[in-house]
Structure formats: C-alpha cells, structure tokens
Student: 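Pasting in a structure now, in structure tokens, and then I'll have a few things to ask.
In what follows, chains are A, B, ... by sequence order, proteins preceding strands, each numbered from 1.
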Amino acid sequence: MMNKSEKTAMLEAAGAPAEIEGRSLWRDARIRLFRNKAAVGSMIILGIITLLAIFAPLLSPYAYDQIDWGYIQEGPNWENGHIFGTDGNGRDLFIRVLYGARVSLAVGLLATSVSLAIGVTYGAVAGYFGGKVDNIMMRFVDVLYSLPFMFFVIMLMVVFGRNIFLIFVALGAVEWLTMARIVRGQTLSLRRREFIEAAHATGVSNFKIIFRHIIPNVLGPVIVYMTLTIPQVILTESFLSFLGLGVQEPLTSWGVLISEGAKVIEASTWMLIYPALFLALTLFCFNFIGDGLRDALDPKDR
Amino acid sequence: MTAITAHKPKKATSPILSVRDLKVHFSVPGKGLFAPDRKLRAVDGVNFDLYPGETLGVVGESGCGKSTLGRAILQLIPPSSGQVAWLGKDIVGAPHREMQPLRRDLQIIFQDPLASLNPRMTIGEIIAEPLVTHKPELGKDEIKVRVKRMMARVGLLPQMINRYPHEFSGGQCQRIGIARAMILEPKLIVCDEPVSALDVSIQAQIVNLLQELQREFDLSLIFISHDLSIVRHICHRIMVLYLGNVMELADRDSIYAAPRHPYTKALISAVPIPDPEIERNKERIVLTGDLPSPLSPPSGCVFRTRCPFAQDKCATASPTLDRVSETQEVACHFHDSIS
Ligand SMILES: Nc1ncnc2c1ncn2[C@@H]1O[C@H](COP(=O)(O)OP(=O)(O)OP(=O)(O)O)[C@@H](O)[C@H]1O
Ligand code: SF4
Ligand SMILES: [Mg+2]
C-alpha cells in the first residue's frame, strides 16, 4: 500500500542516494500565492509604489518643501515638471505624494511590526500556559480593548505634542491586542496536538516549545492578519492626520495631503485626487495580498 | 496476525515501573451557571508492575481512561494521588529538575501519526529533537549520523531526512514517530493506540517493528489498544480497564484461554473467531446498557450496571483486585462461582 509520493520517493532513492529536498508547507503556499493573479499584480504595484517612495528625491526636479512662486495651486502640467500640479504653497504635489508614501508606508510597517512582536509573543504565552495565566493575561487585553483608542491617542498628542514616533507607538500598542487574541486562540488548539505532547514527553523546555513548535504553526493566520493590519494602520494614520494630529509640516503623509485636498476640492480637485488614488490603490493591494495569502495558507487545501 | 509470536521477556527480579493506587481526577465545570465543579474519575486506583522487556496491554472501551493512564505514568498529566515508581523511586510530583533526566527513558507514540509530527519541521529535525534536547554536546554532524542510522533502523530511507511529514504516508509517519521515540534508546515507551489509525496491512508491519525494537533494546512497552487480536499478538500481560478501574490483570495466555471477569469474558467473546462453526456455537456474553459516565460511576463494583451476574453485594462493596492464580488477578466478588 504505497501512495504516490512514497513511490516517487522510492524511485528517486534508487537512483540517487543523495539527500532529497523536501517540499515545506511554506514552499507550497508560496507556489499557490504566485498562482493568484490579483495577489501578484498587487505585489507588483506595491513594489512600484515602494520604489517610488524610496527613490523619490531622484524622480522630481523639485524638493518636497520647495516653494515654486510661479505656480501656486496650479493644475498638473507636464511642461514645467509639476506632473501632479502644486499645492496652495506652490510645492510640487508629485514629490509630496511620494514623501507622503514614505510616511504612510513606514507607519504601516513599523506599527504592524510592533504589534506583531508583542501580540504573537503575548498570545502564544497566554494560550500555551492556559488556565490562570491565560485568564489574567487576556483580561488585561480586554481592559485595553475597552479603552477609547482615539481619545487615548488625542490625549497623547496633546500632552507630548505632535510626534511621528508617538504615532508608531500608539498604533502598534493598539493593534497588538487583536493579534494577541488570534495567536492565543490558535495556540489553545495547538497545545493539545500530539506533537506538542511529544515535545513535552521528551523534556523540551516551554520556551523552545513556544518558539519551535507553536509560533511557526500560528504564523499562517498571523501573516494574513498582518497584511490586513498594515492598511488599517495606514488608514488610521490618515484619519489622525485628517484631524490635524498627524505628522508635522513640512513633512507630510497621505492623510495630511487628502485633508488639504478636501478643503479645496472645488477649486483644485487634483490636490485630493492624486493622494487619494495612491492611498486607495495601496489599501486595495494589501487587501488582495491578504486574501491571496489566506487562500495560499489555507490548511483545507493541503 | 493470529500467530502468537510475543517473545517471553527475561524474568527480571525487580520491576522498572510500579504503579500503586494511581488516580487521575479531572474537575469539569458543573452544569448551570453556579453549579460547583464536578469530579471526573478518569483513572481511579490502578495498580500494576512492569518488568524490563515486557509488554503490558491496556484494553477497554473508549473513554475508560487508557490514554489518561498512559499520560499520568509519564507525568504528562499530573496524577491526583497514588504512586508511580520508576526504578524504585516515586516520580509523582517530582520537580522538573529531577524529571528531566528521566525523560530520556520514557517516551510515547501516538494514535494519529501525522498529528504527532510538527508539520513545519523536517523529519530530520523531528527525530533529532530528543537528541538536541538531551545530548546537545554531540554536535550537528554526530546527531545527523545517529538520526540517519535510526531512520534506517525503523525502515525509512535515510536520504529522506530533509522531507516534511505531509510527504509521507500514515505508516511512514508512524515510523518517524517511532524513530523519534527510539533515538535516545529509552527503557519504556507508552504506545497509545499506535496502529488503530493505520491500514490493516500496515498495522502488522508497525507491530512487528515494535517487537523487533523491543527485543533489540530490551524495551518495556505499555501498549494501549482496543483491538484484542493485536493485543494478543504483541502483549505478554493484559490489563482490562473499565471506568478507570482495573477489572482483570493477567498473562496473555490465561486471559484469552480463561477470562475470569465478566467484563473480560464479554470483550473476548465479542472477538470473532475465523472458524464459522466455533463462532456460531461459542459462549457469548453480550453487554447491555450504556457505559455509565465517569462523572458519576456506579457504587460498589463500577461494572454492576451492565453485569449479567450482578447481585446485591455488588452495589455496596467494591471488589478488590484478587490474585486467583500465579498469573491472574481479578476484581469481582463472584469470580469463583462465575467461572
Ligand atoms: N483534560 C481532560 N479534562 C477533563 N476530562 C478529561 C480530560 N481528558 C480526558 N478526560 C475524560 O477522561 C475520561 C478518560 O479519557 P481517556 O482519553 O483516557 O480515554 P481512552 O480510554 O483513552 O479513550 P479512547 O479509546 O477514546 O482514546 C473520558 O471520560 C474523558 O472525557
Ligand atoms: S463484582 Fe458483581 S457486578 Fe462486579 S463484575 Fe463481579 S459480579 Fe459483576
Ligand atoms: Mg485514548
């Protein structure tokens, strides 16, 4: 009673006694992900936006805070190089959108990383030890959940002043809560699996069980949630900026640009359209990638 | 599988494992919001000895506490009371520091072969884990050599070392599990229904592998199963559990030839005999009624609600495990009159 993979393995073995490389579940998932056109397209677009953001200074003759007195709040114009037009201060909108991308993407990635590191460790520990430890740890999460987040952030901003670093911390500190809940739930069900029990029976330390056996097995949903957290964080940052609590002038973010554009929507639509387009595109791309990852990592497919 | 091939272990003077009055009680939430927690008696006073090189079969219906007993012996579930003496020393409640070196000698194999392997690790990493944990001083290369040697020993191609569990069949996964359990050359392996998830043709291979390893390494096995024909094939002694209580504990030959406890009789008479003539005419005890809940086991003898021989005394006094012959112990007030 040999199944197919067994047979091929035997055949391979007969010809080649060299070690055979295995197909890890990660590799399988990667192959499935790359078959998903929407996800691949989204990755390409996001890649382009990221490259544009990184190489922004090289791409425009204007600096992001440079005032061009000849063109105050002028529409897009290819001849003078203001391809997205200029804002009310005569600054080139194209370069400002790209600088906004830097801030928005950085906030998204950094805040998500903070939430990832805290949330995964916290959730895995709570779920793994279970019982009282779990109870106390998760009640703490519930308490933090119930705090009005926006109020909290606004208070921070008022007390410490506008500071981009504070935005990272505040967003990361809130986003980890959901991550911790997801990881805890996954860990609770993993904990009863036989391979964890086998590790216990052998005397593997709790620390190693968490990092070697639990976390690699909860990473699937974590990655999916992460790709969905990044756009959420970007959106929250934009919202804060819209309220005037975002980054400090002359630095900018998509949220700030959109808020400025919205004020002059009748006179200068371009000031709203371009940053909004970039923001929307980015959010869509992250969501498509998240969906693609979810399908690729879905254990039902195995 | 009907051939009787279990070898006789060398008669050792002292047991490697002595279990005395072992109890595992779980507390489960009561019904209703304010109901107090209830006590679930999964294992309720088990006694036995295990000798080096011996296989003890543990049989009983689903939910009678077989797995819980196996795990409590390995201290994976903390026993509520009683003793588990390993090489003469009680290990119940032993601190981590004392338990850790003993873990080399105590291993476990599970029912679901795939679930017992971490899907994100290569089988090389899986089999090496006990070595890495207990003998890190060996170094990467030596560990790899040993892993490959063990793979070959359990019938896996060593060049498969970098493959992942999902690339193997159930039988092969069970071999991987066995390799992991054997790599430290333990003294005792608890086998929790190691073949019941496998095809019949594969079952025999795995059982034979376990027997070979047992002979080679003088292993003791606790073999949990509800398949009486496999138990008969591999075990030297058999323990019959019912609601966490031992009903009968006897030599393989005695228990199949002359079961003394009504429950054992019922279990054995339910095993089909290949000869239709004998099958038709054999004495059969059919169990009626449902298995009572371990939350509220019957008073006296726990088997009385389904026992065709039950009498008044059975409801008031719980029978002790009596030695009826050199090789057989039975927990029934009326074992003399019944058989
Ligand atoms: N962690 C637990 N908490 C509460 N009750 C438990 C727990 N583990 C097992 N039980 C209960 O203890 C009893 C014995 O369970 P156990 O798994 O040992 O049975 P088993 O004989 O191995 O059954 P099976 O043949 O189905 O594997 C069952 O009634 C089960 O519901
Ligand atoms: S003690 Fe009574 S109820 Fe229990 S097995 Fe014997 S006869 Fe049956
Ligand atoms: Mg079981």
Student: What verdict does the side-chain contact (heavy atoms from CB on, under 4.5 Å) test give for A:H213 and B:M121, after you've listed the backbone C-alpha separation in whole Å, the side-chain angles of each residue and the deciding distance to 0.1 Å?
Tutor: CA-CA 9 Å; A:H213 294 285; B:M121 282 164 82; 3.5 Å; yes
Student: Going by residue number, which parts of residues 182-208 of chain A are within reach of chain B, meaning a heavy-atom gap below 4.5 Å?
Tutor: A:R193, A:E194, A:F195, A:E197, A:A198, A:A199, A:H200, A:A201, A:T202, A:G203, A:V204
Student: By a 4.5 Å heavy-atom criterion (distance strictly below it), what part of B:L76 contacts chain A: side chain, backbone, both, or neither?
Tutor: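 It is the side chain, since no backbone atom gets that close.
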Student: Hey, which residues of residues 107-121 of chain A are touching chain B, say heavy atoms under 4.5 Å apart?
Tutor: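 The residues closer than 4.5 Å to chain B amount to none at all.
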Student: Given heavy-atom pairs under 4.5 angstrom as the criterion, report whether the side chain, backbone, both or neither of B:T133 touches chain A.
Tutor: side chain
Student: What parts of residues 42-50 of chain A touch chain B if we use heavy atoms and a cut-off under 4.5 Å?
Tutor: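 Contacts with chain B: none.
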Student: Assess whether atom CZ of A:F284 is packed by more than 12 heavy atoms of other residues, nucleotides or ligands within 6.0 Å.
Tutor: no
Student: More than 12 heavy atoms of other residues, nucleotides or ligands under 6.0 Å from CZ of A:F140: yes or no?
Tutor: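 It does not: A:F140 CZ has 12 such atoms or fewer within range.
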Student: Please check if atom CG in A:D142 has more than 12 non-hydrogen atoms from other residues, nucleotides or ligands closer than 6.0 Å.
Tutor: yes
Student: Other residues, nucleotides and ligands only: do more than 12 of their heavy atoms fall within 6.0 Å of CZ on A:R139?
Tutor: yes
Student: Can you tell me which of B:R180, B:R71, B:E125 forms the most heavy-atom pairs within a distance under 4.5 Å of chain A?
Tutor: B:R71
Student: Before you tell me yes or no, could you show the steps for B:E129 and A:R212 under side-chain contact (heavy atoms from CB on, under 4.5 Å), namely the whole-Å CA-CA distance, both residues' side-chain angles and the distance that decides it to 0.1 Å?
Tutor: CA-CA 10 Å; B:E129 184 162 54; A:R212 198 187 288 160; 2.4 Å; yes
Student: Heavy-atom pairs under 4.5 Å with chain A: which of B:L102, B:I108, B:L74, B:L117 has the most?
Tutor: B:L117
Student: Counting N and O atoms only, with roles assigned by atom type, does the side chain of B:E167 sit under 3.5 Å from a partner on the main chain of A:R23, one being a donor and the other an acceptor?
Tutor: yes
Student: Who pairs with B:D227 by side chain to side chain donor-acceptor pair (under 3.5 Å), at least two apart in sequence or on another chain?
Tutor: B:S229
Student: Please answer whether the main-chain N or O of A:S24 pairs with a side-chain N or O of B:H166 as donor and acceptor at a distance below 3.5 Å.
Tutor: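 No; zero donor-acceptor contacts below 3.5 Å.
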